[in-house]
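For the single chain, residues carry numbers from 1 onward in sequence order.
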Amino acid sequence: MTIVLQSSNFLNSSTSCRKGFIRANINTPNNQTYKISLPRLQKRARLAQEQELISVFSTSGSPVGKQISPSRRSDPLVIEKLYAIKEAIADRVEMHRNIGEQRSQWSSMLLTSINGITLAAATMVGIAASSSGDSVLGLKMSSSLMYLAATGMLVAMNQIQPSQLAEEQRNAARLFQALYNQIETTLSIGHPLSIDVKEAMDRVLALDKAYPLPLLGGMLEKFPSSVEPAVWWPQQRRRQPKRVNDNWNGWNGKLEEEMKEIMGVLGRKDQEEYIRLGEKALKFNKFLAMSGPLLTGLAAVGSAFADHSPHGSWAAMLGIVGGALASVVNTVEHGGQVGMVFEMYRSNAGFFQYMQESIESNLTEAEMERRENGEVFELKLALKLGRSLSDLRNLAAASLSKGEEIDEFGSKLF
(Lines give C-alpha, C1' and ligand atoms only; values in the text may rest on other atoms or scores of the structure.)
Protein backbone atom coordinates (compact mmCIF):
# COMPACT_ATOMS: atom_id res chain seq x y z
CA MET A 1 0.00 0.00 0.00
CA THR A 2 2.88 2.31 0.81
CA ILE A 3 4.50 1.53 -2.54
CA VAL A 4 1.31 2.35 -4.42
CA LEU A 5 0.94 5.70 -2.63
CA GLN A 6 4.53 6.61 -3.36
CA SER A 7 4.18 5.78 -7.06
CA SER A 8 1.01 7.86 -7.33
CA ASN A 9 2.70 10.81 -5.66
CA PHE A 10 5.60 10.48 -8.08
CA LEU A 11 3.30 10.51 -11.11
CA ASN A 12 1.44 13.56 -9.84
CA SER A 13 4.63 15.41 -9.21
CA SER A 14 6.04 14.55 -12.66
CA THR A 15 2.81 15.64 -14.29
CA SER A 16 2.80 18.91 -12.43
CA CYS A 17 6.41 19.43 -13.33
CA ARG A 18 5.64 18.89 -16.99
CA LYS A 19 2.70 21.27 -16.85
CA GLY A 20 4.80 23.85 -15.08
CA PHE A 21 7.56 23.45 -17.62
CA ILE A 22 5.12 23.98 -20.46
CA ARG A 23 3.65 27.01 -18.77
CA ALA A 24 7.11 28.39 -18.20
CA ASN A 25 8.07 27.98 -21.81
CA ILE A 26 4.91 29.64 -22.99
CA ASN A 27 4.45 32.38 -20.44
CA THR A 28 7.95 33.36 -19.41
CA PRO A 29 9.13 36.25 -21.62
CA ASN A 30 12.79 35.77 -20.66
CA ASN A 31 13.12 32.41 -22.44
CA GLN A 32 15.09 32.69 -25.73
CA THR A 33 13.53 31.05 -28.77
CA TYR A 34 15.27 30.19 -32.06
CA LYS A 35 13.45 30.79 -35.31
CA ILE A 36 14.08 28.39 -38.24
CA SER A 37 13.45 29.67 -41.77
CA LEU A 38 11.87 26.71 -43.61
CA PRO A 39 11.47 28.45 -47.01
CA ARG A 40 15.22 29.03 -47.16
CA LEU A 41 15.89 25.38 -46.45
CA GLN A 42 13.41 24.28 -49.13
CA LYS A 43 14.94 26.67 -51.65
CA ARG A 44 18.44 25.40 -50.92
CA ALA A 45 17.28 21.80 -51.23
CA ARG A 46 15.59 22.52 -54.54
CA LEU A 47 18.69 24.22 -55.90
CA ALA A 48 20.78 21.27 -54.83
CA GLN A 49 18.43 18.85 -56.61
CA GLU A 50 18.49 20.93 -59.80
CA GLN A 51 22.29 21.07 -59.79
CA GLU A 52 22.40 17.32 -59.27
CA LEU A 53 20.00 16.72 -62.19
CA ILE A 54 22.00 19.06 -64.44
CA SER A 55 25.23 17.30 -63.56
CA VAL A 56 23.65 13.91 -64.30
CA PHE A 57 21.97 14.92 -67.60
CA SER A 58 25.07 16.68 -68.89
CA THR A 59 27.00 13.40 -69.07
CA SER A 60 27.22 11.36 -72.26
CA GLY A 61 24.99 8.62 -70.89
CA SER A 62 22.14 10.94 -69.90
CA PRO A 63 18.56 9.63 -69.81
CA VAL A 64 17.44 12.46 -72.10
CA GLY A 65 19.85 11.35 -74.77
CA LYS A 66 18.56 7.82 -74.51
CA GLN A 67 14.87 8.74 -74.70
CA ILE A 68 14.94 11.33 -77.50
CA SER A 69 17.13 10.37 -80.42
CA PRO A 70 18.34 13.05 -82.84
CA SER A 71 16.27 11.51 -85.66
CA ARG A 72 13.05 12.04 -83.68
CA ARG A 73 13.58 15.71 -82.87
CA SER A 74 11.17 18.13 -84.51
CA ASP A 75 12.56 19.84 -87.58
CA PRO A 76 11.01 23.28 -88.18
CA LEU A 77 11.39 22.86 -91.94
CA VAL A 78 9.50 19.56 -91.88
CA ILE A 79 6.69 21.13 -89.87
CA GLU A 80 6.50 24.06 -92.29
CA LYS A 81 6.26 21.69 -95.25
CA LEU A 82 3.47 19.70 -93.61
CA TYR A 83 1.53 22.90 -92.96
CA ALA A 84 1.96 23.88 -96.63
CA ILE A 85 0.66 20.47 -97.75
CA LYS A 86 -2.24 20.76 -95.31
CA GLU A 87 -3.24 24.12 -96.80
CA ALA A 88 -3.15 22.65 -100.32
CA ILE A 89 -5.29 19.71 -99.18
CA ALA A 90 -7.86 22.04 -97.60
CA ASP A 91 -8.10 23.88 -100.93
CA ARG A 92 -8.61 20.61 -102.79
CA VAL A 93 -11.36 19.57 -100.40
CA GLU A 94 -13.21 22.80 -101.13
CA MET A 95 -12.70 22.45 -104.90
CA HIS A 96 -13.97 18.88 -105.04
CA ARG A 97 -17.00 19.72 -102.91
CA ASN A 98 -17.94 22.70 -105.07
CA ILE A 99 -17.43 20.84 -108.35
CA GLY A 100 -19.30 17.82 -107.00
CA GLU A 101 -22.33 19.97 -106.19
CA GLN A 102 -22.12 21.59 -109.62
CA ARG A 103 -22.03 18.25 -111.43
CA SER A 104 -24.88 16.92 -109.33
CA GLN A 105 -26.93 19.91 -110.47
CA TRP A 106 -25.92 19.16 -114.07
CA SER A 107 -27.41 15.69 -113.75
CA SER A 108 -30.80 16.88 -112.51
CA MET A 109 -31.02 19.88 -114.87
CA LEU A 110 -30.02 17.93 -117.99
CA LEU A 111 -32.41 15.10 -117.16
CA THR A 112 -35.30 17.52 -116.68
CA SER A 113 -34.49 19.42 -119.87
CA ILE A 114 -34.06 16.34 -122.08
CA ASN A 115 -37.24 14.70 -120.79
CA GLY A 116 -39.13 17.94 -121.32
CA ILE A 117 -37.89 18.23 -124.90
CA THR A 118 -38.66 14.58 -125.64
CA LEU A 119 -42.18 14.68 -124.26
CA ALA A 120 -42.89 17.98 -126.06
CA ALA A 121 -41.72 16.45 -129.34
CA ALA A 122 -43.90 13.37 -128.78
CA THR A 123 -46.89 15.62 -128.15
CA MET A 124 -46.24 17.51 -131.39
CA VAL A 125 -46.13 14.26 -133.33
CA GLY A 126 -49.48 13.23 -131.91
CA ILE A 127 -51.02 16.58 -132.82
CA ALA A 128 -49.53 16.43 -136.32
CA ALA A 129 -50.87 12.92 -136.89
CA SER A 130 -54.40 13.97 -135.93
CA SER A 131 -54.41 17.29 -137.78
CA SER A 132 -54.50 18.45 -141.37
CA GLY A 133 -53.52 21.63 -143.12
CA ASP A 134 -50.43 23.76 -143.45
CA SER A 135 -49.55 23.51 -139.75
CA VAL A 136 -48.80 19.79 -139.97
CA LEU A 137 -45.46 20.33 -141.71
CA GLY A 138 -44.36 22.81 -139.08
CA LEU A 139 -45.29 20.42 -136.27
CA LYS A 140 -43.42 17.53 -137.91
CA MET A 141 -40.31 19.63 -138.51
CA SER A 142 -40.36 21.02 -134.99
CA SER A 143 -40.75 17.60 -133.40
CA SER A 144 -37.96 16.14 -135.57
CA LEU A 145 -35.58 18.96 -134.62
CA MET A 146 -36.42 18.56 -130.95
CA TYR A 147 -35.82 14.82 -131.13
CA LEU A 148 -32.47 15.39 -132.85
CA ALA A 149 -31.50 17.94 -130.20
CA ALA A 150 -32.49 15.50 -127.45
CA THR A 151 -30.43 12.77 -129.15
CA GLY A 152 -27.31 14.96 -129.23
CA MET A 153 -27.75 16.03 -125.63
CA LEU A 154 -28.28 12.43 -124.55
CA VAL A 155 -25.11 11.26 -126.28
CA ALA A 156 -23.08 13.95 -124.50
CA MET A 157 -24.77 13.29 -121.16
CA ASN A 158 -24.31 9.54 -121.39
CA GLN A 159 -20.66 10.02 -122.28
CA ILE A 160 -19.78 12.16 -119.25
CA GLN A 161 -22.22 10.55 -116.75
CA PRO A 162 -22.79 13.56 -114.43
CA SER A 163 -24.03 11.43 -111.53
CA GLN A 164 -20.85 9.34 -111.66
CA LEU A 165 -18.72 12.50 -111.85
CA ALA A 166 -20.47 13.86 -108.76
CA GLU A 167 -19.79 10.62 -106.88
CA GLU A 168 -16.11 10.80 -107.84
CA GLN A 169 -15.85 14.31 -106.42
CA ARG A 170 -17.62 13.27 -103.21
CA ASN A 171 -15.18 10.41 -102.74
CA ALA A 172 -12.23 12.69 -103.45
CA ALA A 173 -13.43 15.29 -100.93
CA ARG A 174 -13.87 12.60 -98.27
CA LEU A 175 -10.43 11.06 -98.89
CA PHE A 176 -8.69 14.45 -98.98
CA GLN A 177 -10.41 15.34 -95.69
CA ALA A 178 -9.16 12.06 -94.18
CA LEU A 179 -5.62 12.91 -95.30
CA TYR A 180 -6.01 16.40 -93.82
CA ASN A 181 -7.03 14.89 -90.47
CA GLN A 182 -4.11 12.46 -90.58
CA ILE A 183 -1.60 15.30 -91.06
CA GLU A 184 -3.21 17.19 -88.18
CA THR A 185 -2.78 14.11 -85.99
CA THR A 186 0.88 13.80 -87.01
CA LEU A 187 1.50 17.44 -86.12
CA SER A 188 -0.35 17.23 -82.81
CA ILE A 189 1.50 14.08 -81.70
CA GLY A 190 4.81 15.73 -82.54
CA HIS A 191 8.18 14.73 -83.99
CA PRO A 192 7.21 14.57 -87.71
CA LEU A 193 9.88 13.28 -90.06
CA SER A 194 10.82 14.04 -93.64
CA ILE A 195 9.32 10.66 -94.60
CA ASP A 196 5.93 11.98 -93.40
CA VAL A 197 6.25 14.86 -95.86
CA LYS A 198 7.08 12.48 -98.71
CA GLU A 199 4.16 10.19 -97.87
CA ALA A 200 1.75 13.12 -97.73
CA MET A 201 2.95 14.40 -101.12
CA ASP A 202 2.65 10.94 -102.68
CA ARG A 203 -0.88 10.52 -101.36
CA VAL A 204 -1.94 13.94 -102.67
CA LEU A 205 -0.63 13.13 -106.14
CA ALA A 206 -2.23 9.66 -106.07
CA LEU A 207 -5.61 11.20 -105.19
CA ASP A 208 -5.24 13.78 -107.96
CA LYS A 209 -4.63 10.97 -110.43
CA ALA A 210 -7.47 8.77 -109.13
CA TYR A 211 -10.08 11.56 -109.11
CA PRO A 212 -9.19 14.18 -111.75
CA LEU A 213 -11.02 17.48 -111.88
CA PRO A 214 -11.00 18.28 -115.65
CA LEU A 215 -13.53 16.77 -118.05
CA LEU A 216 -11.55 16.95 -121.27
CA GLY A 217 -8.36 14.96 -121.47
CA GLY A 218 -8.22 13.71 -117.89
CA MET A 219 -11.71 12.32 -117.27
CA LEU A 220 -11.93 8.71 -116.14
CA GLU A 221 -13.37 6.24 -118.64
CA LYS A 222 -17.04 5.80 -117.85
CA PHE A 223 -17.53 2.50 -119.73
CA PRO A 224 -14.36 0.45 -119.21
CA SER A 225 -13.99 -3.03 -120.66
CA SER A 226 -13.59 -4.53 -117.18
CA VAL A 227 -14.23 -3.36 -113.63
CA GLU A 228 -11.08 -2.47 -111.73
CA PRO A 229 -11.07 -1.31 -108.09
CA ALA A 230 -10.40 2.38 -107.60
CA VAL A 231 -6.81 3.02 -106.48
CA TRP A 232 -6.19 6.32 -104.68
CA TRP A 233 -3.05 5.48 -102.67
CA PRO A 234 0.63 5.30 -103.71
CA GLN A 235 1.68 1.89 -104.93
CA GLN A 236 5.08 2.19 -103.25
CA ARG A 237 4.26 1.81 -99.57
CA ARG A 238 6.57 3.57 -97.13
CA ARG A 239 8.50 1.82 -94.37
CA GLN A 240 7.77 2.87 -90.83
CA PRO A 241 10.71 4.49 -88.96
CA LYS A 242 12.45 2.36 -86.38
CA ARG A 243 11.23 2.74 -82.82
CA VAL A 244 13.70 2.90 -79.96
CA ASN A 245 13.28 0.19 -77.30
CA ASP A 246 10.11 -1.18 -78.92
CA ASN A 247 11.05 -4.51 -80.43
CA TRP A 248 7.70 -6.16 -79.73
CA ASN A 249 5.50 -3.36 -81.12
CA GLY A 250 2.22 -5.08 -80.27
CA TRP A 251 2.61 -7.97 -82.74
CA ASN A 252 2.60 -11.68 -81.96
CA GLY A 253 1.95 -14.92 -83.78
CA LYS A 254 -1.74 -14.99 -82.91
CA LEU A 255 -2.34 -11.46 -84.21
CA GLU A 256 -0.47 -12.23 -87.44
CA GLU A 257 -2.63 -15.30 -88.00
CA GLU A 258 -5.80 -13.29 -87.39
CA MET A 259 -4.71 -10.59 -89.85
CA LYS A 260 -4.01 -13.22 -92.53
CA GLU A 261 -7.48 -14.69 -92.12
CA ILE A 262 -9.18 -11.27 -92.23
CA MET A 263 -7.20 -10.37 -95.34
CA GLY A 264 -8.44 -13.56 -96.98
CA VAL A 265 -12.07 -12.82 -96.06
CA LEU A 266 -11.85 -9.28 -97.47
CA GLY A 267 -10.44 -10.59 -100.74
CA ARG A 268 -12.69 -13.61 -101.21
CA LYS A 269 -15.97 -12.14 -100.02
CA ASP A 270 -16.16 -8.34 -99.88
CA GLN A 271 -13.98 -7.31 -102.80
CA GLU A 272 -15.25 -10.01 -105.15
CA GLU A 273 -18.86 -9.15 -104.26
CA TYR A 274 -18.46 -5.48 -105.11
CA ILE A 275 -16.60 -6.24 -108.32
CA ARG A 276 -19.46 -8.56 -109.33
CA LEU A 277 -22.05 -5.89 -108.52
CA GLY A 278 -19.97 -3.30 -110.37
CA GLU A 279 -19.93 -5.46 -113.51
CA LYS A 280 -23.72 -5.76 -113.40
CA ALA A 281 -24.15 -2.02 -112.92
CA LEU A 282 -21.74 -1.33 -115.78
CA LYS A 283 -23.59 -3.61 -118.19
CA PHE A 284 -26.95 -2.14 -117.25
CA ASN A 285 -25.61 1.39 -117.65
CA LYS A 286 -24.20 0.55 -121.10
CA PHE A 287 -27.56 -0.81 -122.20
CA LEU A 288 -29.40 2.30 -121.00
CA ALA A 289 -26.80 4.65 -122.50
CA MET A 290 -27.27 3.09 -125.94
CA SER A 291 -31.05 2.73 -125.70
CA GLY A 292 -31.85 6.37 -124.94
CA PRO A 293 -30.25 7.99 -128.04
CA LEU A 294 -31.43 5.10 -130.21
CA LEU A 295 -35.05 5.64 -129.18
CA THR A 296 -34.94 9.41 -129.69
CA GLY A 297 -33.31 8.90 -133.09
CA LEU A 298 -36.03 6.50 -134.20
CA ALA A 299 -38.64 8.89 -132.86
CA ALA A 300 -37.10 11.70 -134.94
CA VAL A 301 -37.38 9.56 -138.09
CA GLY A 302 -40.96 8.59 -137.27
CA SER A 303 -42.02 12.17 -136.64
CA ALA A 304 -40.66 13.24 -140.03
CA PHE A 305 -42.97 10.79 -141.89
CA ALA A 306 -46.07 11.13 -139.72
CA ASP A 307 -49.27 11.82 -141.69
CA HIS A 308 -52.73 10.38 -142.42
CA SER A 309 -51.50 7.63 -144.74
CA PRO A 310 -51.28 4.02 -143.49
CA HIS A 311 -47.48 4.21 -143.40
CA GLY A 312 -47.67 7.66 -141.84
CA SER A 313 -49.77 6.39 -138.96
CA TRP A 314 -47.11 3.78 -138.17
CA ALA A 315 -44.46 6.51 -138.37
CA ALA A 316 -46.48 8.68 -136.01
CA MET A 317 -46.81 5.73 -133.64
CA LEU A 318 -43.03 5.29 -133.73
CA GLY A 319 -42.50 8.97 -132.99
CA ILE A 320 -44.87 8.97 -130.02
CA VAL A 321 -43.91 5.63 -128.47
CA GLY A 322 -40.19 6.17 -129.10
CA GLY A 323 -40.28 9.50 -127.31
CA ALA A 324 -42.17 8.08 -124.35
CA LEU A 325 -39.81 5.11 -124.02
CA ALA A 326 -36.79 7.40 -124.31
CA SER A 327 -38.08 9.47 -121.38
CA VAL A 328 -38.50 6.32 -119.29
CA VAL A 329 -34.99 5.10 -120.15
CA ASN A 330 -33.43 8.47 -119.34
CA THR A 331 -35.27 8.65 -116.05
CA VAL A 332 -34.06 5.19 -115.04
CA GLU A 333 -30.47 5.87 -116.09
CA HIS A 334 -29.91 9.38 -114.80
CA GLY A 335 -32.75 9.72 -112.30
CA GLY A 336 -31.73 6.40 -110.79
CA GLN A 337 -28.06 7.49 -111.01
CA VAL A 338 -26.81 4.17 -112.32
CA GLY A 339 -23.41 5.71 -113.04
CA MET A 340 -23.14 6.81 -109.42
CA VAL A 341 -23.99 3.27 -108.27
CA PHE A 342 -21.25 1.84 -110.48
CA GLU A 343 -18.72 4.31 -109.08
CA MET A 344 -19.79 3.46 -105.54
CA TYR A 345 -19.21 -0.25 -106.16
CA ARG A 346 -15.83 0.48 -107.76
CA SER A 347 -14.74 2.64 -104.82
CA ASN A 348 -15.87 0.04 -102.28
CA ALA A 349 -13.84 -2.63 -104.07
CA GLY A 350 -10.87 -0.27 -103.94
CA PHE A 351 -11.37 0.25 -100.21
CA PHE A 352 -11.13 -3.49 -99.54
CA GLN A 353 -8.06 -3.77 -101.73
CA TYR A 354 -6.48 -0.93 -99.73
CA MET A 355 -7.22 -2.76 -96.48
CA GLN A 356 -5.65 -5.95 -97.83
CA GLU A 357 -2.52 -4.11 -98.93
CA SER A 358 -2.28 -2.39 -95.54
CA ILE A 359 -2.36 -5.75 -93.76
CA GLU A 360 0.07 -7.31 -96.21
CA SER A 361 2.57 -4.45 -95.92
CA ASN A 362 2.74 -4.96 -92.15
CA LEU A 363 2.95 -8.74 -92.32
CA THR A 364 5.71 -8.75 -94.94
CA GLU A 365 7.85 -6.32 -92.93
CA ALA A 366 10.52 -8.50 -91.34
CA GLU A 367 11.69 -5.90 -88.81
CA MET A 368 9.06 -5.70 -86.08
CA GLU A 369 10.08 -2.20 -85.01
CA ARG A 370 9.25 -0.89 -88.49
CA ARG A 371 5.67 -2.15 -88.40
CA GLU A 372 2.74 -0.06 -87.30
CA ASN A 373 1.83 -0.84 -83.71
CA GLY A 374 -0.17 -4.07 -83.78
CA GLU A 375 -2.76 -3.06 -81.21
CA VAL A 376 -3.37 0.31 -82.86
CA PHE A 377 -3.56 -1.30 -86.31
CA GLU A 378 -6.09 -3.88 -85.08
CA LEU A 379 -8.21 -1.10 -83.57
CA LYS A 380 -8.16 0.91 -86.82
CA LEU A 381 -9.09 -2.15 -88.86
CA ALA A 382 -12.01 -2.99 -86.57
CA LEU A 383 -13.36 0.56 -86.79
CA LYS A 384 -13.08 0.68 -90.58
CA LEU A 385 -14.96 -2.60 -90.87
CA GLY A 386 -17.65 -1.56 -88.36
CA ARG A 387 -16.74 -4.25 -85.84
CA SER A 388 -15.60 -4.48 -82.24
CA LEU A 389 -12.24 -6.05 -81.39
CA SER A 390 -13.90 -9.23 -80.12
CA ASP A 391 -16.10 -9.39 -83.21
CA LEU A 392 -13.05 -9.01 -85.43
CA ARG A 393 -11.30 -11.86 -83.65
CA ASN A 394 -14.41 -14.03 -83.94
CA LEU A 395 -14.42 -13.39 -87.68
CA ALA A 396 -10.81 -14.53 -87.92
CA ALA A 397 -11.61 -17.65 -85.90
CA ALA A 398 -14.62 -18.46 -88.12
CA SER A 399 -12.50 -18.04 -91.24
CA LEU A 400 -9.80 -20.29 -89.79
CA SER A 401 -12.31 -23.05 -89.04
CA LYS A 402 -14.51 -22.81 -92.17
CA GLY A 403 -12.03 -21.54 -94.75
CA GLU A 404 -13.53 -20.47 -98.08
CA GLU A 405 -16.96 -21.80 -97.07
CA ILE A 406 -17.53 -18.92 -94.67
CA ASP A 407 -20.72 -16.99 -95.45
CA GLU A 408 -19.98 -13.88 -93.41
CA PHE A 409 -18.58 -10.74 -95.01
CA GLY A 410 -15.72 -8.81 -93.45
CA SER A 411 -17.36 -5.38 -93.40
CA LYS A 412 -20.54 -4.49 -91.55
CA LEU A 413 -20.60 -0.89 -92.76
CA PHE A 414 -21.36 -1.52 -96.45
Side-chain angles (χ1 to χ4, degrees), residues 72 74-103 164-214 218-220 228-241 266 271 274 343-344 346-362 365 370-373 376-386 411 413-414:
R72 295 296 294 169
S74 298
D75 187 355
L77 183 59
V78 170
I79 295 176
E80 186 176 355
K81 289 180 179 179
L82 282 178
Y83 272 107
I85 295 173
K86 194 172 79 164
E87 291 176 0
I89 291 173
D91 183 58
R92 279 173 168 80
V93 170
E94 189 67 22
M95 283 194 300
H96 281 284
R97 283 178 179 170
N98 293 339
I99 294 177
E101 292 177 1
Q102 182 190 51
R103 291 174 177 176
Q164 185 173 345
L165 289 173
E167 180 66 15
E168 291 174 7
Q169 307 314 312
R170 284 191 288 266
N171 288 333
R174 178 178 58 84
L175 293 171
F176 270 117
Q177 184 65 50
L179 180 57
Y180 181 90
N181 297 336
Q182 181 181 353
I183 294 176
E184 275 195 337
T185 303
T186 302
L187 290 170
S188 62
I189 291 175
H191 307 299
L193 302 175
S194 57
I195 193 172
D196 295 319
V197 177
K198 184 179 184 304
E199 184 193 20
M201 283 291 296
D202 291 342
R203 291 189 63 180
V204 168
L205 297 177
L207 278 169
D208 288 339
K209 183 179 179 181
Y211 299 103
L213 286 171
M219 184 179 66
L220 296 178
E228 297 292 338
V231 178
W232 61 81
W233 60 91
Q235 293 302 301
Q236 187 66 29
R237 312 271 307 184
R238 78 159 184 170
R239 299 185 69 190
Q240 297 285 340
L266 295 178
Q271 186 177 2
Y274 279 103
E343 179 61 28
M344 182 183 65
R346 193 177 73 94
S347 297
N348 290 345
F351 168 77
F352 292 116
Q353 181 173 336
Y354 174 73
M355 298 305 300
Q356 292 177 74
E357 291 187 10
S358 299
I359 297 173
E360 187 178 5
S361 65
N362 279 281
E365 180 60 62
R370 287 191 181 275
R371 294 183 181 181
E372 187 177 356
N373 186 278
V376 177
F377 182 77
E378 184 183 20
L379 178 64
K380 289 181 180 179
L381 181 63
L383 290 173
K384 289 180 179 179
L385 297 179
S411 176
L413 286 179
F414 48 83

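The two residues Trp233 and Gly350 make their nearest non-hydrogen contact at CH2-O, 3.3 Å. In terms of heavy-atom proximity, Phe351 sits nearest to Lys384 at CZ-O, 3.8 Å. The minimum heavy-atom distance between Met355 and Leu266, with the atom names listed, is CB-CD1, 3.9 Å. Nearest heavy-atom pair, Thr186 versus Pro192, reported as atom, atom and distance to 0.1 Å: CG2-CB, 4.1 Å. Heavy atoms only, all atoms of each residue included: Ala206 and Pro234 are closest at CB-N, 3.8 Å. Closest approach of Ala166 to Gly100, counting heavy atoms only: CB-O, 3.7 Å.
Contact annotation: the side chain of Gln353 never approaches that of Glu228 to less than 4.5 Å [non-hydrogen atoms, C-beta and beyond]. Counting only heavy atoms from C-beta outward, the side chains of Asp196 and Val78 never approach each other to under 4.5 Å. Inter-residue side-chain proximity for Pro212 and Leu220 is flagged as met; some heavy-atom pair is nearer than 4.5 Å. At least one side-chain heavy atom of Lys380 sits under 4.5 Å from a side-chain heavy atom of Val376. Contact check for Leu213 versus Gln169: side-chain heavy atoms found under the 4.5 Å cut-off. Arg92 places a side-chain heavy atom less than 4.5 Å from the side chain of Met95. Annotation: side chain of Glu357 is not in contact with side chain of Val231 (no heavy-atom distance under 4.5 Å). Contact of the Ile183 side chain with the Tyr83 side chain is not registered, since no non-hydrogen atoms from C-beta on lie closer than 4.5 Å.
Atoms CZ and CG, from Arg203 and Leu175 in turn, are 8.0 Å apart once rounded to the nearest 0.5 Å. How far CZ of Arg174 is from CZ of Arg97: 11.5 Å, rounded to the nearest 0.5 Å. Rounding to the nearest 0.5 angstrom, the gap separating the CD1 atom in Ile99 from the CD atom in Glu94 is 10.5 Å. Note that the CG atom of Leu193 and the CG atom of Leu82 stand 9.5 Å from one another [nearest 0.5 Å]. Rounded to the nearest 0.5 Å, atoms CD (Glu184) and CG (Leu179) are 11.0 Å apart. Remark: Ile79 CD1 to Lys81 NZ distance equals 12.5 Å, nearest 0.5 Å.
Although no hydrogens or angles enter the test, the distance criterion places no donor-acceptor pair under 3.5 Å between the side chain of Asp75 and the main chain of Ser194. For the pair Asp91 (side chain) and Glu87 (backbone), a donor-acceptor distance under 3.5 Å is absent.
For His96 and Tyr211, the distance between ring centers is not under 6.0 angstrom.
Within 6.0 Å of the CD atom in Glu80, the count of heavy atoms belonging to other residues, nucleotides or ligands does not exceed 12.
Counted by atom type alone, Asn98 and Gln102 present zero donor-acceptor pairs between their side chains at under 3.5 Å. Remark: the Ser361 side chain and the Glu365 side chain contain no N/O donor-acceptor pair separated by less than 3.5 Å.
Salt bridge absent: Glu168 and Arg103 never bring a charged side-chain N and a carboxylate O closer than 4.0 Å.
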**Request:** Just do the side chain to side chain contact (heavy atoms under 4.5 Å, CB included) check on Thr185 and Gln182 with the steps written out, would you?
**Result:** CA-CA 5 Å; Thr185 303; Gln182 181 181 353; 5.6 Å; no

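Taking the six-membered ring where tryptophan is involved, the planes of Tyr274 and Phe414 are perpendicular, since the angle between them exceeds 60° and thus also 30°.
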